[in-house]
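Everything below concerns the one structure shown next.
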Amino acid sequence: MKLPILVTSALSLIATNAAVAQAKPQKNLEFRRIVAMHDSLIKAQKAAEIIPPLDSALTVVRDVDEIIASLDMPELATTPINKAMAPWVFIGYRHLKKKEMDTKLPVWVPGTKVLTNDSIDNETSDIRYDDSYIISSILDMPEDEVSESDSIDIANIGEPTPDYSLLTGDPTPKWMRNTLNLYRIQEDFMYDLMVTEPEHIEYSYWGLPVPPRLREDDVTFAGYIKRLELPEVDTEKAILPEEVLRRKHWLHNFGSSLHFSQAFISKNWYQGGNNHLSLLFNIYWNVQLNQVYHPNLLLQSALSYKIGLNSTPQDEVHAYSISEDILQYNLNSGLKAFQKWFYSLNLQFKTQILRNYENNSMKRKSSFLSPGDFNLGLGMAYSHQNKKKTLQLTATISPLSYNLKTCISDKIDHGQFNIEPDRKTRSDIGSNGEFNMTWQVTHNINYRTRVFLFTDYDYFLADWENTVNFSINKFLSTQIYLHLRHDTSSDMSTSWKHFMMREVLSFGLTYTFSSKP
């Protein structure tokens with residue numbers, strides 16, 4: 001059965017070579033002749049088979065299993081399809097592919113004329129190729145011209161070659177390689193003919209209509225809603241529930257924290273040291289007028305209290321000491337002048353509540369209103385808040401400012417606060433400036449800073465407070481507090497001169513809440 005199929009393929013390819021040589025416009029007629037010859041050979045093959053006559057007396061009815069068992073496995077063979085019968089479409093000039101290394105095991109058949117994949121005829125004495133590329137021209141060679149070393153077994157042509165896929169890594173079956181090679185030969189023939197004789201071109205690729213494409217799927221949320229096919233709602237007839245909106249004229253921001261640290265040192269510790277326990281309590285309450293409903297008014301009120309206690313086992317007189325004790329109130333009010341500027345009146349009051357003593361002594365260093373600072377300024381204020389409401393700043397400039405210092409206790413040296421010994425207060429007239437900023441850096445990092453400047457044109461005072469709060473979760477946080485101060489009326493006996501600094505790093509519990517406009 002394989003020899004007629006090979007002869008049929010040979011006749012088809014011979015006819016194809018004849019069409020290349022002639023290259024006539026009547027190519028369709030030639031290819032129809034090839035197809036007719038192929039059909040006639042198939043019919044002749046079927047007629048040669050002996051079909052026994054049907055005897056009705058011997059007819060036996062068989063079940064499905066017997067019919068399937070009597071059938072032989074069909075012999076699969078490639079059926080050549082001539083692409084030249086289809087419309088000829090010219091797609092333009094193609095780039096030649098780089099020649100790759102041949103990984104197929106060769107079959108040596110000398111003295112044959114082969115048609116390779118690039119449609120170039122080669123005549124050589126030693127050509128490496130697989131038997132799938134053999135063209136039937138070897139069948140036409142005279143027997144006296146074929147030597148024993150050059151002869152091949154014609155009966156074995158078309159037999160499957162050994163499976164070298166494990167060596168070459170090519171998983172393609174032989175029947176598919178043969179079919180693809182046949183298609184490439186036909187495509188090269190058609191392309192070469194259209195290039196050399198353009199009158200054979202029926203269609204150009206760039207002149208064909210654009211093939212239709214399916215619309216891309218809409219994966220957005222709006223597309224999902226459309227695919228649900230929800231019923232349409234008439235917005236004019238829809239009834240919305242009436243809600244009474246409460247105006248929030250005052251915005252609150254409250255925060256509190258309790259941070260602590262502890263250390264235990266054994267008596268025989270090689271470096272020495274003392275056990276200690278420190279607590280830091282901080283509370284902050286800020287109230288401001290909602291400018292959404294009152295755009296022409298500015299009113300900000302802030303009250304804070306901070307106290308730090310440290311155990312002092314080395315102090316024989318006191319069980320604890322106060323590292324920080326500040327009660328502070330700030331008020332900033334204004335009437336809008338233009339854009340973000342306001343005519344302002346600002347007020348500041350600061351003192352401490354508890355008594356503080358020197359180490360191993362009953363000498364008092366400070367107490368309530370000793371010292372105490374009160375400042376009142378009149379000038380201009382600038383207020384700004386970004387659209388995301390993560391940054392809020394207020395700056396005031398007061399050319400006219402009144403500053404009052406107090407020291408009401410007789411057990412405290414008044415001179416360290418620049419107050420006369422026989423007086424409890426000191427009043428100064430000058431100018432001040434203040435800057436406040438709150439910045440929500442990220443969702444868990446908050447930075448707050450305040451700068452206060454005052455001068456009576458005789459001495460200069462500057463306060464700069466910085467607080468960075470790292471929120472671990474809703475109830476845990478770490479805080480860094482840095483307070484810088486410069487006072488030209490302070491004692492210059494230390495190396496710091498007029499500069500003073502206090503820094504605290506703490507970790508502990510925290511609680512905050514705020515109201516939104």
Side-chain angles (χ1 to χ4, degrees), residues 250-255 282-289 297-307 324-335 341-354 366-384 392-408 416-419 424-438 448-467 481-490 498 500-502:
W250 298 98
L251 304 178
H252 299 263
N253 186 6
F254 177 83
N282 184 16
I283 185 172
Y284 179 81
W285 184 24
N286 185 12
V287 181
Q288 62 179 353
L289 192 64
L297 297 178
L298 175 65
L299 184 61
Q300 296 176 346
S301 175
L303 176 65
S304 64
Y305 179 64
K306 183 181 296 184
I307 182 172
E324 189 173 13
D325 186 9
I326 300 176
L327 175 64
Q328 184 171 336
Y329 176 75
N330 292 86
L331 175 65
N332 189 10
S333 60
L335 179 64
W341 286 90
F342 297 81
Y343 302 109
S344 69
L345 174 67
N346 56 80
L347 180 147
Q348 173 184 284
F349 172 73
K350 182 167 61 174
T351 185
Q352 72 176 53
I353 297 178
L354 302 179
S366 60
S367 63
F368 181 67
L369 293 180
S370 301
D373 291 319
F374 176 81
N375 186 275
L376 184 66
L378 184 64
M380 298 289 292
Y382 174 82
S383 179
H384 172 72
Q392 182 177 3
L393 58 90
T394 303
T396 61
I397 301 175
S398 302
L400 180 60
S401 175
Y402 170 74
N403 189 70
L404 174 66
K405 285 186 177 182
T406 64
C407 183
I408 63 175
Q416 62 179 337
F417 307 122
N418 198 21
I419 300 176
K424 295 184 178 181
T425 61
R426 174 188 172 92
S427 300
D428 297 305
I429 301 295
S431 303
N432 73 38
E434 186 176 357
F435 175 79
N436 291 274
M437 183 184 72
T438 302
R448 202 167 62 243
T449 184
R450 173 183 172 271
V451 180
F452 177 76
L453 307 173
F454 174 79
T455 180
D456 65 348
Y457 308 104
D458 184 22
Y459 83 97
F460 177 74
L461 172 65
D463 258 345
W464 186 16
E465 299 180 51
N466 299 273
T467 304
Y481 176 75
L482 178 63
H483 188 179
L484 301 175
R485 183 180 176 91
H486 178 75
D487 189 356
T488 58
S489 64
S490 62
H498 297 302
M500 290 165 274
M501 185 184 75
R502 179 171 56 205

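In what follows, every heavy atom counts, from backbone to side chain, and hydrogens, waters and symmetry copies are set aside. Just so you know, these numbers come straight off a predicted model, no measurement behind them.
Between the side chains of Y305 and D325, at least one donor-acceptor pair of N or O atoms lies under 3.5 Å. Defined by atom type and a distance below 3.5 Å, a donor-acceptor pair is present between the side-chain atoms of E434 and N436.
Nearest heavy-atom pair across Y457 and S431 is OH-OG, 2.6 Å. The shortest non-hydrogen separation linking D456 to Y459 is OD1-N, 2.9 Å. Residues A395 and F435 come closest through the heavy atom pair CB-CD1, 4.0 Å. Taking every heavy atom of both residues into account, L404 and S427 meet most closely at CD1-OG, 3.5 Å.
The local environment of CG in L331 is crowded, with over 12 non-hydrogen atoms from other residues, nucleotides or ligands closer than 6.0 Å.
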- request: Check step by step if side chain to side chain contact (heavy atoms under 4.5 Å, CB included) holds for T455 and L461.
  value: CA-CA 6 Å; T455 180; L461 172 65; over 6 Å; no

- prompt: Please walk me through it: do F454 and D428 pass side chain to side chain contact (heavy atoms under 4.5 Å, CB included)?
  reply: CA-CA 10 Å; F454 174 79; D428 297 305; 4.1 Å; yes

Verdict with reasoning, I283 to F254, per side chain to side chain contact (heavy atoms under 4.5 Å, CB included): CA-CA 8 Å; I283 185 172; F254 177 83; 3.7 Å; yes

field: N375 vs N432, side chain to side chain donor-acceptor pair (under 3.5 Å): CA-CA, chis, key distance, verdict
entry: CA-CA 9 Å; N375 186 275; N432 73 38; 2.5 Å; yes

field: Intermediate values then yes/no, side chain to side chain donor-acceptor pair (under 3.5 Å), N330 and Q328
entry: CA-CA 7 Å; N330 292 86; Q328 184 171 336; 3.0 Å; yes

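For the atom pair CG (D463) and CZ (R485), the distance works out to 4.5 Å, reported to the nearest 0.5 Å. Here the OG1 atom belonging to T488 is positioned 6.0 Å from the NE2 atom belonging to H498, to the nearest 0.5 angstrom. To the nearest 0.5 Å, atoms CZ (F417) and NZ (K424) are separated by 14.5 Å. A distance of 11.5 Å separates CD1 in I408 from OG1 in T425, rounded to the nearest 0.5 Å. Rounded to the nearest 0.5 Å, atoms CG (N346) and CG (L376) are 7.0 Å apart. One distance of note links CG of L327 with NZ of K306; it measures 12.5 Å at 0.5 Å rounding.
In this structure, the side chain of T449 does not engage the main chain of M437 through any donor-acceptor pair within 3.5 Å. Using modelled atom types, no side-chain atom of S344 and backbone atom of G334 make a donor-acceptor pair closer than 3.5 Å. Judged by distance alone, with hydrogens and angles left aside, the side-chain atoms of T351 form a donor-acceptor pair with the main-chain N or O of L369 at under 3.5 Å. Under the 3.5 Å distance criterion, the side-chain polar atoms of N332 are left unmatched by any main-chain donor or acceptor of Q300.
Residues forming a side-chain hydrogen bond (donor to acceptor under 3.5 Å, both in side chains) with E465 (at least two apart in sequence, or on another chain): R450, Y481.
A side chain to side chain contact (heavy atoms under 4.5 Å, CB included) with L289 is found for exactly one of L298, L251, L299, namely L299.
Between W285 and H252, the ring planes are parallel. Angles under 30° get that label, and only those over 60° would be called perpendicular.
Y402 is listed as a side-chain neighbour of I429, based on a closest heavy-atom distance under 4.5 Å.
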Could you list the donor-acceptor pairs under 3.5 angstrom formed by side chains in residues 377-384, with sequence neighbours left out?
unit_1	atom_1	unit_2	atom_2	d
H384	ND1	K340	NZ	2.5

